[in-house]
Number of protein chains: 2
Amino acid sequence: MPVSQEKNTVEGDAGPVRERLLDTAERLFSEHGFEGTSVRELASAAGCNIASVNYYFGSKEKLYEEIFRRHLIPMRNARIASIDRVMTESSGRPKLEDLLQSFANAFIEPLADETKAARFMKLMGREMVDSHLPSDVFAKEMAIPTLKAIQIALLKACPGLDESRAVLVAYSIIGQLLHAVHIRPMFEQACDAEVPKYELSRIIDHIVAFSAAAIRAYAEGRNE
Amino acid sequence: MPVSQEKNTVEGDAGPVRERLLDTAERLFSEHGFEGTSVRELASAAGCNIASVNYYFGSKEKLYEEIFRRHLIPMRNARIASIDRVMTESSGRPKLEDLLQSFANAFIEPLADETKAARFMKLMGREMVDSHLPSDVFAKEMAIPTLKAIQIALLKACPGLDESRAVLVAYSIIGQLLHAVHIRPMFEQACDAEVPKYELSRIIDHIVAFSAAAIRAYAEGRNE
DNA sequence: GATAGCTTAAAACATTTGTTTGAATTGTCA
DNA sequence: TGACAATTCAAACAAATGTTTTAAGCTATC
């Protein structure tokens, strides 16, 4: 693939080569995927030599792993921390809407700053359907711990909620949030007026209200 | 009297080369992605010559497009038809659960048969985060029409539902369904007992009940 | 049996891929 | 300064990429 030269945005001379490579690779991998990005494009965009990739990281794959190592745990911790914050602030019995809003904000926050963590968000989406990470580090380091945290928080916020259903509710919430992330690119290019405008904050508010209502129905209403 | 037509016996020996290539490419693209699948692997798995790809389809990309052309419209129509069926059977005023259950089944059905359309489902997931289709054919041919259909069906099923909110509700439903699709591979390999078992039918039932409850709260309850 | 038209086959095409090499350059400390 | 390590560089590596070419095989019609 010729791959248009795109932007000549050499990531600048900001910082040492190793960091420039990490930042540049994060952007290119998120835009064109792992196989869709060549080491030469990468080095060119980062303004360094081709050999630097192997010099600093050993291989293209190791560089890819390093990107995740840099962001995965902090991002997971941020999500769990946002849950914990609501829990402590409410003395262990948070209002359902507060819990959901807080988690949704932590989840979607990286999308707000256009440049920094938004790329990694996209990259995570790719990794979910096209894994290049060894073993199941993504599930173990990110998905399962986050799921656990939101699950027990939900049980605290809604004592009437059945435990076996709490995990399903967590799926629903995360599914909605992820979908909000995924559909954004579709709106950005296809401005056909055929489709409503994309307002992230409106979507988030909806997800919170929608989920809260559904959970209440589970907790209060029928148990079967 | 005709000559015996013995041929190679690699894999999909059934049918002419063109169809074998389409089936094989569907599987390989869904498993390893577009860039992750070489024309040689493809031809080898289909039991034909390398040149056949370009002979029948012109290029690797055209073959990719043909796969979608084969499935996209029928799958979309199946989804919309499942909605229409509920609408007519209920004389235009369906029970909310029936509408949701019917749509969810049509949405998830391809996952049931392990081999046939399940691969294409996976492929659609890839296409959403890593587009190789020209322009926005996926949005125009699949996403938007399906969204429109479920949206107006929701309004019919719930007259109290605000129109501007109907599209958000549709996002929530599709987001949950897609997530149910995406998380399955995570469960299949990581059987750590750390995570609950994956039961698709249980998840579907939950999504239906969860969404119905939330929609009712929207339609009946608060308007603000 | 000869002819024409698809279809298949093997090989070569020209790039591009990730990686390695070894020399040049830079920086650091004695 | 001189010596030594760390870094950068251009070049070359072997392998793999999508595509094209050229010749052979096949099947039908005359």
Side-chain angles (χ1 to χ4, degrees), chain A residues 1-6 10-29 31-67 126 130-134, chain B residues 1-29 31-67 130-134:
Chain A
M1 237 51 55
V3 174
S4 56
Q5 180 66 11
E6 203 143 321
V10 175
E11 223 81 335
D13 296 333
V17 176
R18 208 190 106 101
E19 315 306 317
R20 269 187 292 157
L21 270 175
L22 277 170
D23 291 338
T24 308
E26 195 171 297
R27 179 171 65 86
L28 293 184
F29 283 157
E31 286 173 1
H32 309 119
F34 182 77
E35 272 105 359
T37 305
S38 73
V39 179
R40 279 169 181 79
E41 292 172 321
L42 224 149
S44 168
C48 69
N49 195 266
I50 320 162
S52 300
V53 172
N54 291 274
Y55 178 77
Y56 282 105
F57 302 96
S59 72
K60 186 188 175 188
E61 295 208 345
K62 298 268 190 62
L63 164 58
Y64 183 80
E65 295 171 25
E66 186 59 31
I67 292 173
R126 286 185 183 275
D130 191 11
S131 175
H132 293 96
L133 246 38
Chain B
M1 291 51 115
V3 202
S4 64
Q5 195 179 349
E6 58 173 16
K7 270 288 163 186
N8 42 19
T9 54
V10 176
E11 169 178 342
D13 211 8
V17 176
R18 207 190 108 100
E19 313 307 317
R20 267 187 294 156
L21 269 175
L22 277 170
D23 291 338
T24 307
E26 196 170 295
R27 180 172 64 85
L28 293 184
F29 284 157
E31 286 174 0
H32 310 118
F34 181 77
E35 272 105 357
T37 305
S38 74
V39 180
R40 280 169 180 81
E41 292 172 320
L42 225 149
S44 170
C48 69
N49 196 266
I50 320 160
S52 300
V53 172
N54 291 274
Y55 177 76
Y56 283 105
F57 302 97
S59 71
K60 186 189 176 187
E61 294 209 346
K62 298 266 189 65
L63 165 57
Y64 183 81
E65 294 171 26
E66 187 59 32
I67 292 173
D130 191 12
S131 176
H132 294 96
L133 247 38

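Taking every heavy atom of both residues into account, A/Lys60 and A/Thr37 meet most closely at NZ-O, 2.7 Å. For the residue pair B/Ser59 and B/Asn54, the shortest heavy atom distance occurs at CA-OD1, 3.6 Å.
One axis for each end of the helix from C/dG1-D/dC30 to C/dA30-D/dT1, each built from five base pairs, and the angle between them comes to 10° at 10° resolution.
If you check D/dT8, C/dG18, D/dA10 against the side chain of A/Tyr55, the one that comes closest is D/dT8. Side chain of A/Tyr56, nearest nucleotide from D/dG18, C/dT19, D/dT7: D/dT7. Of the candidates C/dT21, C/dT19, D/dT20, the closest approach to any side-chain atom of A/Ala51 belongs to C/dT21.
Taking atom CZ on B/Arg40 and atom C1' on C/dT15, their separation rounds to 12 Å, with Å as the unit. Rounded to whole Å, the distance from NZ on A/Lys60 to P on C/dT16 is 15 Å.
Side-chain contact between B/Leu22 and B/Phe57 is present, with heavy atoms from C-beta onward closer than 4.5 Å.
Here B/Ser38 reaches the OP1 or OP2 of D/dT17: one of its side-chain N or O atoms lies under 4.0 Å away.
Contact annotation for A/Ser52: no contact, since no heavy-atom pair falls under 4.0 Å across all strands.
A/Tyr64 meets the ring pair (Phe, Tyr, Trp, His ring centres under 6.0 Å) test with A/Phe29, A/Phe34, A/Phe68, A/His132; sequence neighbours excluded.
Remark: A/Leu63 CG to A/Glu61 CD distance equals 10.5 Å, nearest 0.5 Å.
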